Amino acid sequence: RIAHAYLFTGSRGTGKTTCAKILAKAVNCLSLKEGDPCGECESCVGIDNGSVMDVVEIDAASNNGVENIRYRVYIIDEVHMLSIGAFNALLKTLEEPPAHVVFILATTEVHKLPATILSRCQRFDFHRIDPEVIADRLQFVAGEENAHLEREAALLIARIADGGMRDALSLLDQCMGRSSEITLEVVSETAGLAGRDHLFSLADTVLRQNGGQALEQIDELHKASKDMVRLCEELAGHFRNLMLLKTMKNPQNLIVVSQDEYQKLQVQAEAFTLAGTIHAIDVLQAAKERMFRGFDRRVELEMALLKLCSPELDESVDAILRRLARLEKQPRAEAAAPSIKPPAAPMESPRPQTKPQGTNAEPEGCGEEPAAEAADMPQEQEPPEDKKGPVDMEALQQGAKRMTDWPEVLEYLKDYSHVIASAFHGSVAY
């Protein structure tokens, strides 16, 4: 059964428009072969050379008005670019389609299509093509063109194409323009992957936190007419590769580099933390966004690298949380004590200082006897600070509950111990 409307959606270069043309030939073919167009009959040949006027292809990106949608069409490429009026006109036709009309809509952004259009189409999703499949096809095409394509070079082209056969074939054509012997080096030079040592060098400056050297390298690249936006994108992509190496067992299919560069990435990834690579990507992405707001692009990249080289300059919430997390992992200093227990230590600290003071020195071997005597003293005679026992927290809490104002609590502490009261000097109640 032939439907009146089809929707082909998926990433670029995966064959949506090509399949639309094949389907257009199939519904008009005079001699189908198991559902496929024969490619030899008058209808198939006429569609190929454009002489058959019943098959019309429209690029909605450049023909997106109402007047361009009111005649019979079969293929509408980039249909998400149609205007609201054009969508309404198309919807009217889809609601009451002529028996002899078949619409084939192709788009990379299906989420931009109105639900009323989607509900009237048979949808087919085109997925990214596996790198192995692309590499096989590239080697076949290269053989047909009397060129030799190395397997590793074919896989590199496939990874660069990111699942798009059209882009892979285009890059292969450029490589064959350089040489009939297509190696990894030829592909790297053609795709602009060669000479990227500056990315490893900049990442090393971040690792060593050498902001001065990072600025010097940016200056050299700027003098060499390196575009700062492109450099920012490449550096973010470099840290993305490090992130993948830190999180995946075998990310080689996701990393578009030569084998030598892949090995160098593995070595550098060992020196970085996962949090560090993610932070670098985040900072560089933010810098790239600001570059398009009219500010000096070189300065934006310089500030981004300085933030990466000097974490204390990054005042973002995420950066502060990362620094706090590092501090929590460090062993606590012995001088840092709990907030409630510090008063107990000062009470006992004066004890060794009072021993050498004349006749009032505490006799050796007395142990806790002075504290017991202090407990029997009348309340109006305050015992020496150094002879008091541990803080009675229950009594302190009961006393604090009776207080209606923080100053009264402080006065209560003074009556109990000047040492404890001094610890709260200058404090305020919340």
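The basis for the numbers below is simple: all heavy atoms, side chains too, and nothing from hydrogens, waters or symmetry mates. What you see is a predicted model; the values in this text were computed from it and never measured.
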*Asks:* Taking all heavy atoms of Leu284 and all of Cys232, pick out the closest pair and write down the distance.
*Replies:* O-SG, 3.2 Å

*Asks:* Using 4.0 Å as the upper bound for N to carboxylate O, is an ion pair formed by Asp219 and Arg298?
*Replies:* yes

*Asks:* Using side-chain hydrogen bond (donor to acceptor under 3.5 Å, both in side chains) as the criterion, list what pairs up with Glu109, not counting sequence neighbours.
*Replies:* Lys112

*Asks:* Tell me whether the NZ or CZ atom of Arg120 lies within the 45° cone about the ring axis of Phe103 and under 6.0 Å from its centre.
*Replies:*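 Output no; distance or angle outside limits.
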
*Asks:* Using side-chain hydrogen bond (donor to acceptor under 3.5 Å, both in side chains) as the criterion, list what pairs up with Asn250, not counting sequence neighbours.
*Replies:*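 Asn250: no side-chain hydrogen bond (donor to acceptor under 3.5 Å, both in side chains) contacts found.
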
*Asks:* To the nearest 0.5 Å, tell me how far Asp77 CG sits from His80 NE2.
*Replies:* 9.0 Å

*Asks:* Could you check whether any side-chain N or O of Thr14 sits under 3.5 Å from a backbone N or O of Gly10, counting only pairs where one atom can act as donor and the other as acceptor?
*Replies:* no

*Asks:* Under the salt bridge (charged side-chain N to carboxylate O under 4.0 Å, His left out) definition, can you give me all pairs with a residue in residues 33-50, not counting sequence neighbours?
*Replies:* Lys25-Asp48

*Asks:* Indicate yes or no: at least one non-hydrogen side-chain atom of Leu301 is less than 4.5 angstrom from one of Met291.
*Replies:* yes

*Asks:* Shortest non-hydrogen contact from Val101 to His4?
*Replies:* O-ND1, 3.4 Å

*Asks:* List the steps, then state whether side-chain hydrogen bond (donor to acceptor under 3.5 Å, both in side chains) holds for Asn210 with Thr205.
*Replies:* CA-CA 5 Å; Asn210 191 338; Thr205 62; over 6 Å; no

*Asks:* Between Thr9 and Asp125, do the side chains contain a donor N or O and an acceptor N or O under 3.5 Å apart?
*Replies:*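 Distance-only check fails for Asp125 and Thr9.
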
*Asks:* Under the side-chain hydrogen bond (donor to acceptor under 3.5 Å, both in side chains) test, which residues partner Arg151, sequence neighbours left out?
*Replies:*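 Glu132, Asp136, Gln139.
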
*Asks:* Do Gln217 and Ser201 pair up side chain to side chain, a donor and an acceptor below 3.5 Å, judged on atom types alone?
*Replies:* yes

*Asks:* Any non-hydrogen side-chain atom of Leu156 less than 4.5 Å from a side-chain atom of Ser188?
*Replies:* yes

*Asks:* Does Ile117 have any side-chain contact (heavy atoms from CB on, under 4.5 Å) partners at least two apart in sequence or in another chain, and if so, which?
*Replies:* Phe87, Leu90, Leu91, Leu94, Leu105, Leu113, Pro114, Cys121

*Asks:* Give me the atom names and distance for the closest heavy-atom approach of Pro131 to Ala158.
*Replies:* O-CB, 3.5 Å

*Asks:* Using side-chain hydrogen bond (donor to acceptor under 3.5 Å, both in side chains) as the criterion, list what pairs up with Lys288, not counting sequence neighbours.
*Replies:*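 Glu233.
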
*Asks:* Is there a donor-acceptor pair under 3.5 Å between the side chain of Lys246 and the backbone N or O of Ala269?
*Replies:*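 Here the side-chain-to-backbone pair exists.
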
*Asks:* Please enumerate all residues that pass ring-ring contact (aromatic ring centres under 6.0 Å, His included) together with Tyr262, with sequence neighbours excluded.
*Replies:* none

*Asks:* Regarding Gln268 and His238, do their side chains bring together a donor and an acceptor under 3.5 Å, going by distance alone?
*Replies:*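 There is such a pair (donor and acceptor under 3.5 Å, judged by atom type) between the side chains of Gln268 and His238.
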
*Asks:* Can you name the nearest heavy-atom pair linking Leu308 to Ala280, along with the distance?
*Replies:* CD2-CA, 3.6 Å

*Asks:* Would you say Arg128's side chain and Ser11's backbone share a donor-acceptor pair under 3.5 angstrom?
*Replies:*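 No, because the side chain of Arg128 does not come within donor-acceptor range (under 3.5 Å) of the backbone of Ser11.
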
*Asks:* Within the distance-only criterion (no hydrogens, no angle test), does the side chain of Ser170 pair as donor or acceptor with the backbone N or O of Arg166 below 3.5 angstrom?
*Replies:* no

*Asks:* Name all residues meeting the ring-ring contact (aromatic ring centres under 6.0 Å, His included) criterion together with Phe239; count only those two or more places apart in sequence or in a different chain, and write none if there are none.
*Replies:* Phe272

*Asks:* If I compare all heavy atoms of Cys29 with all of Cys44, which pair ends up nearest, and what's the gap?
*Replies:*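 Minimum heavy-atom contact is SG-SG, 3.6 Å.
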
*Asks:* List the atom pairs, with distances to 0.1 Å, where a side-chain N or O of residues 172-180 and a protein N or O form a donor-acceptor pair under 3.5 Å, not counting sequence neighbours.
*Replies:*
from, atom 1, to, atom 2, distance (Å)
Arg178, NE, Thr190, OG1, 3.0
Ser179, OG, Glu181, N, 3.0
Ser179, OG, Glu181, O, 3.1

*Asks:* Using the ring centroid of each side chain, check whether Phe126 and Phe8 are separated by less than 6.0 Å.
*Replies:*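 Phe126 vs Phe8: aromatic centres under 6.0 Å.
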
*Asks:* Only counting residues at least two apart or in another chain, list the ones meeting ring-ring contact (aromatic ring centres under 6.0 Å, His included) with Phe140.
*Replies:*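 None.
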
*Asks:* Under the side-chain contact (heavy atoms from CB on, under 4.5 Å) test, which residues partner Thr273, sequence neighbours left out?
*Replies:*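 Ala275.
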
*Asks:* Give a yes or no on whether a salt bridge exists between Arg12 and Asp167, defined as a side-chain N under 4.0 angstrom from a carboxylate O.
*Replies:*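 Answer for the salt bridge query: yes.
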
*Asks:* Which residue pairs satisfy the salt bridge (charged side-chain N to carboxylate O under 4.0 Å, His left out) criterion with at least one member in residues 198-216, sequence neighbours excluded?
*Replies:*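 Sorted pair list comes back empty.
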
*Asks:* For a quick test of reading the model, state the closest non-hydrogen atom pair linking Ile75 to Ala24 and the distance between them.
*Replies:*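 Heavy atoms of Ile75 and Ala24 come nearest at CD1-CB, 4.4 Å.
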
*Asks:* Quick check: are there more than 12 heavy atoms from other residues, nucleotides or ligands sitting under 6.0 Å from NZ of Lys92?
*Replies:*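 For Lys92, atom NZ is not crowded (no more than 12 foreign heavy atoms under 6.0 Å).
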
